[in-house]
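Notes follow the structure.
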Amino acid sequence: MIVRHKAWRIGDDVDTDQLAPGAYMKFGLDEIARHCLEGVRPDFAAGVQPGDVLVAGRNFGIGSSREQAAAALVHLGLKAVIAPSYSGLYFRNAFNLGLLLLTCPRAGEIEDGEAVGIDLPGQRVLRADGSALDCEPLPDFLLDMVQAGGLLMQLKRRLADGSLPRHPLDAAPCPTP
């Protein structure tokens, strides 16, 4: 069964200052998130619901490396961002924080407010009209990171279940002379 998510559309070149405005960086994440995208989509932060998706244009997340730009979307409960391209720094920060980014060349076809499904195993977006938009494949380690809730949560789970050495020196025995 595919769960449907409301799509919020924005344009190209949305930078990290629009996601986490610099004027609010001295405050906590609650305040930063309340102002997320207010310059390009004033209704977003107050209207977005947990599980909704953001559909962006090219170059999403350009600008500074502030991780609050991804953290604000996670804090607001966003399920995923769907865009044709991302800033490399934003891409890494998002996955580290557990935010799913789908690189979809045809993301611009998704309408504002459309109910879309995410077929994660198939790595595609299912549109309301029944069509599917293919996304670039994501490696398993990034999907695992999102499912764990981010890199920190993934590492905590791996430490707890013993699949990650507690100390780098525990990973391999020391050679003896």
Side-chain angles (χ1 to χ4, degrees), residues 3 5-105 107-108 110-114 116 118 120 123 125 135-136 138-139 141-160 164 168:
V3 176
H5 312 277
K6 178 183 176 182
W8 293 78
R9 286 282 317 240
I10 56 174
D12 293 340
D13 304 316
V14 172
D15 63 32
T16 55
D17 196 51
Q18 293 168 326
L19 293 160
Y24 302 97
M25 293 300 289
K26 62 186 173 191
F27 301 108
L29 191 54
D30 283 341
E31 187 67 17
I32 294 168
R34 271 194 285 279
H35 298 280
C36 182
L37 294 172
E38 69 184 1
V40 294
R41 186 78 200 248
D43 60 334
F44 178 74
V48 70
Q49 296 294 310
D52 288 353
V53 298
L54 185 62
V55 178
R58 295 181 327 267
N59 305 318
F60 184 78
I62 58 173
S64 73
S65 62
R66 63 179 76 157
E67 71 178 22
Q68 294 90 339
L73 295 177
V74 171
H75 186 76
L76 291 170
L78 213 68
K79 172 71 175 174
V81 178
I82 305 165
S85 62
Y86 301 89
S87 154
L89 287 170
Y90 188 85
F91 191 85
R92 189 61 200 192
N93 282 339
F95 280 96
N96 283 345
L97 295 172
L99 178 60
L100 176 64
L101 301 184
L102 295 172
T103 305
C104 181
I110 300 169
E111 300 290 332
D112 187 49
E114 184 176 343
V116 297
I118 296 174
L120 203 49
Q123 301 207 20
V125 177
C135 301
E136 292 180 11
L138 289 167
F141 80 94
L142 289 179
L143 294 173
D144 291 345
M145 198 180 298
V146 167
Q147 290 172 342
L151 180 60
L152 185 58
M153 292 304 297
Q154 183 183 47
L155 291 173
K156 285 180 180 180
R157 286 182 187 167
R158 288 181 63 195
L159 273 171
L164 185 70

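Values below: all heavy atoms of this structure, side chains included; hydrogens, waters and symmetry mates excluded.
In this structure the side chain of I10 never reaches within 4.5 angstrom of the side chain of F44, judged on heavy atoms. L101 has its side chain out of reach of R92: every pair of non-hydrogen atoms, C-beta onward, lies at least 4.5 Å apart. Between L37 and L54 there is a side-chain heavy-atom pair separated by less than 4.5 Å. Proximity of E38 to Y24: side-chain heavy atoms (C-beta onward) are separated by under 4.5 Å at one or more points. The shortest distance between side-chain heavy atoms of L19 and C36 falls below 4.5 Å. When side chains are defined from C-beta on, L100 counts as touching L120, because their heavy atoms get closer than 4.5 Å. Side-chain contact between F95 and L151: absent, with no pair of heavy atoms (C-beta onward) separated by less than 4.5 Å. Between N93 and L99 the shortest side-chain heavy-atom distance does not fall below 4.5 Å.
Side-chain N or O atoms of Q18 include none that pairs as donor or acceptor with a backbone N or O of G39 at under 3.5 Å. Put simply, the side chain of E31 never gets that close to the backbone of G28: no donor and acceptor are under 3.5 Å apart. Using modelled atom types, one side-chain atom of R9 and one backbone atom of I110 make a donor-acceptor pair closer than 3.5 Å. Put simply, the side chain of Y86 gets close to the backbone of V81: a donor and an acceptor are under 3.5 Å apart.
Taking every heavy atom of both residues into account, A83 and A107 meet most closely at CA-CB, 4.0 Å. Contact record, L89 with S65: CD1-CB, 3.7 Å, taken as the closest heavy-atom pair. Summarising the geometry of L97 relative to A70, their closest heavy-atom pair is CD1-CB, 3.9 Å, with the distance given to 0.1 Å. Heavy-atom minimum distance, A20 versus M25: O-SD, 3.8 Å. Closest non-hydrogen pair, A72 versus I32, comes out as CB-CG2, 4.4 Å. Residue Q154 comes nearest to M145 through the heavy atom pair NE2-N, 3.7 Å, listed as atom of the first residue, atom of the second, then distance.
Annotation: the span from I118 atom CD1 to Q123 atom CD amounts to 11.0 Å, rounded to 0.5 Å. Taking CG from L73 and NZ from K79, the interatomic distance works out to 14.5 Å, rounded to the nearest 0.5 Å.
Note on ring orientation: taking the six-membered ring where Trp is involved, the planes of F60 and Y90 are perpendicular (angle over 60°, cut-offs 30° and 60°).
The side-chain hydrogen bond (donor to acceptor under 3.5 Å, both in side chains) contacts involving residues 51-64 comprise W8-D52, D12-R58, D13-N59, T16-S64, S64-R66, where partners must be two or more places apart or lie in separate chains.
We find that R41 and D112 are joined by a salt bridge, their nearest charged nitrogen and carboxylate oxygen being less than 4.0 Å apart.
Considering only residues two or more places apart in sequence or on other chains, H75 meets the ring pair (Phe, Tyr, Trp, His ring centres under 6.0 Å) condition with none of them.
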